[in-house]
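So the structure is just underneath, and the comments pick up after that.
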There are 2 protein chains.
Amino acid sequence: MTVTEAARRAQILAHTIDVVAELGYAGASLNRIAAHAGISKGLISYHFAGKADLLEALVHDVFARGGEYVMERHGHVFGPDGTAGAALRAYLEGNLAFIAEHPRDVGAVVEIARNHRGADGALVFGAAWEETLLDLLAQIFTAGQEAGEFRAFDPRVMAIAVRRVIDGFTFQVMADPDLDTRSFTTEVTALFDHATRHPGAERLETDTTTAQETEPS
Amino acid sequence: MTVTEAARRAQILAHTIDVVAELGYAGASLNRIAAHAGISKGLISYHFAGKADLLEALVHDVFARGGEYVMERHGHVFGPDGTAGAALRAYLEGNLAFIAEHPRDVGAVVEIARNHRGADGALVFGAAWEETLLDLLAQIFTAGQEAGEFRAFDPRVMAIAVRRVIDGFTFQVMADPDLDTRSFTTEVTALFDHATRHPGAERLETDTTTAQETEPS
DNA sequence: TATGGTTTTGACCATGCGGTCAAATTCTTG
DNA sequence: CAAGAATTTGACCGCATGGTCAAAACCATA
């Protein structure tokens, strides 16, 4: 991989992100990407094996950066020492912060993940991909329940809810760049804090709770 | 509108739902829809002004049926007499039940809403459409807060979370037709019950809306 | 059965798509 | 500078798309 090739690939990926974020998956043709980057269409084929290769490289690139971002910021909380509540909060804050900083990148990834299909017609980033994300969350929830920290609920359903709210945040911040991401993050962490903990249990920060209630089975 | 025309339009809409649900927005070409319905492509153009007209008619049709379904089942809870908690529960149960009964219809609608763009490149069912849905939920939340029934939270963020979880359920039930929809619904209503109420407040114990429901097995 | 409106077909069109490739250009290096 | 490798272009291909239209088929009714 020469330095020229690496730079060109990065440039093409960046412009692909822009075009997908602006025009959606269906609007992101090789012609439009090339025009947006100021290069010829054939050059894309020279650096990528095809459109599928380009889109999948883009998804893996952004996903790797996102995972690295979250782990660098909050990785220490995910060990066996931290509480499940702290891990959940770190997961939410890390994900939402990365989206707030790179809304177009994540927006393009979500757009591709939802639409890109292989030759067999199945979504390339489908059930298996999703399962990887859900499993990590479900582990946090299961740990929190076994530690008596969380109330009884289906970890998988809660994981789905968390993922859908995170995905939804992507479109919120893309549709309204002036969105107060800090406030949104606070609201979402509070939402899932209440949703996961025992009713009446101590809240994480500023909550003044009074009554103690026995947990309904 | 002759009886022939009405029947043909309904038939075309039904087959369009099938094709969109199976092959996604990008895979739903007029040729494929016509082949799936066993008719010629020109016939679609005879009954609909164009592809955009067809897709928008489909969205409006399913949306109307869904709204009617929810209102017939749970409309009585949305008056000024019912509690906000009951209204929220009814909203969730009604939406999830309709999706569970018509997953392909709703799946097609979500697919179209997320991808269909007008000549200007903007999503046809974009911000304004979404706002209509969010406002209804936000009203429930605001009412619940003013009545002292709900804790303090941003009604809009909570509305977004509810909508995203409902949308997510569509894909869950499409991906896995054997999904236990009743269990999923119970989990989701409990999730948002805990998320909205004051910590330590009494939970809803009995189902207020599904007493006369008949469960076919 | 003859008439006239309704419905349906299938061929056809312009357009844009992803992909290919020989030729031209630029870069590296001896 | 010269030669070969790496990079880039732009024309071209086959194909699928959404859309149009004259002709054919169908159907109700006088």
Side-chain angles (χ1 to χ4, degrees), chain A residues 1-20 22-59 108 111-112 115-121 123-124, chain B residues 1-20 22-59 108 111-112 115-121 123-124:
Chain A
M1 172 94 63
T2 70
V3 55
T4 305
E5 185 177 359
R8 193 59 96 184
R9 279 180 66 101
Q11 180 207 9
I12 293 172
L13 285 176
H15 283 280
T16 305
I17 286 172
D18 277 348
V19 174
V20 173
E22 272 171 31
L23 305 176
Y25 176 83
S29 69
L30 292 185
N31 263 315
R32 272 204 265 253
I33 294 168
H36 194 273
I39 60 177
S40 75
K41 183 180 59 171
L43 190 51
I44 299 179
S45 295
Y46 178 75
H47 287 284
F48 294 91
K51 196 185 184 185
D53 181 42
L54 169 64
L55 296 179
E56 287 154 25
L58 151 25
V59 168
E111 192 78 13
I112 294 167
N115 289 286
H116 181 49
R117 289 165 189 260
D120 57 351
L123 289 172
V124 174
Chain B
M1 173 95 64
T2 69
V3 55
T4 306
E5 187 177 358
R8 194 59 96 184
R9 279 180 65 102
Q11 180 207 9
I12 292 173
L13 285 177
H15 283 280
T16 304
I17 286 172
D18 278 348
V19 174
V20 173
E22 272 170 33
L23 305 176
Y25 177 83
S29 69
L30 292 185
N31 262 317
R32 270 204 267 254
I33 294 168
H36 194 274
I39 59 178
S40 76
K41 182 180 58 168
L43 191 51
I44 299 179
S45 294
Y46 178 76
H47 288 285
F48 294 91
K51 196 185 184 185
D53 182 41
L54 169 64
L55 296 180
E56 287 155 26
L58 151 25
V59 169
E111 191 79 13
I112 293 167
N115 289 286
H116 180 49
R117 290 166 188 257
D120 58 351
L123 289 171
V124 174

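Just so we're on the same page: letters track the sequence lines, and every chain starts at 1.
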Notebook entry, point to check: Of all of residues 2-15 of chain B, which get a heavy atom below 4.0 angstrom from DNA chain D, listed by number?
Noted result: none

Next item on the list: Return the set of residues passing side chain to side chain donor-acceptor pair (under 3.5 Å) with B:Asp53 (not counting sequence neighbours), or none when no residue passes.
Entry: none

Check: Separation of A:Leu54 atom CG from C:dG18 atom P, in whole Å?
Finding: 10 Å

Check: Who pairs with B:Ala26 by side-chain contact (heavy atoms from CB on, under 4.5 Å), at least two apart in sequence or on another chain?
Finding: none

Margin query: Below the 4.0 Å mark, does C:dT8 have OP1 or OP2 next to a side-chain nitrogen or oxygen of B:Ser40?
Written below: no

Check: Is any side-chain heavy atom of A:His116 closer than 4.5 Å to a side-chain heavy atom of A:Glu111?
Finding: no

Next item on the list: Could you check which residues of residues 42-52 of chain B get a heavy atom under 4.0 Å from DNA chain D? Sort them by number, please.
Entry: B:Ser45, B:Gly50, B:Lys51

Margin query: Enumerate the salt bridge (Lys or Arg N to Asp or Glu O under 4.0 Å) contacts for residues 22-43 of chain A, please, sequence neighbours excluded, ordered by first and then second residue.
Written below: A:Glu22-A:Arg104

Notebook entry, point to check: Pairing of DNA chain C as dot-bracket, 5' to 3': ( ) intra-strand, [ ] crossing, | other strand, . unpaired, with Watson-Crick or G-U pairs under 3.5 Å?
Noted result: ||||||||||||||||||||||||||||||

Notebook entry, point to check: Under 4.0 Å between a side-chain N/O of A:Asn31 and OP1 or OP2 of C:dG18, yes or no?
Noted result: no

Item checked: 5' to 3' contact window, DNA chain D with chain A (heavy-atom distance under 4.0 Å) -> D:dA6 to D:dG10

Checklist line | For B:Val59, side-chain contact (heavy atoms from CB on, under 4.5 Å) partners two or more places apart | finding: B:Val109, B:Ile112, B:Phe125, B:Trp129

Acceptor/donor pairs from residues 7-16 of chain A side chains to any protein atom, 3.5 angstrom cut, sequence neighbours excluded:
residue : atom : partner : partner atom : Å
A:Arg8  : NH1  : A:Gln11 : OE1          : 2.8
A:Arg9  : NH1  : A:His47 : O            : 3.0
A:His15 : ND1  : A:His36 : O            : 3.4
A:His15 : ND1  : A:His36 : ND1          : 2.9
A:Thr16 : OG1  : A:Ile12 : O            : 2.7

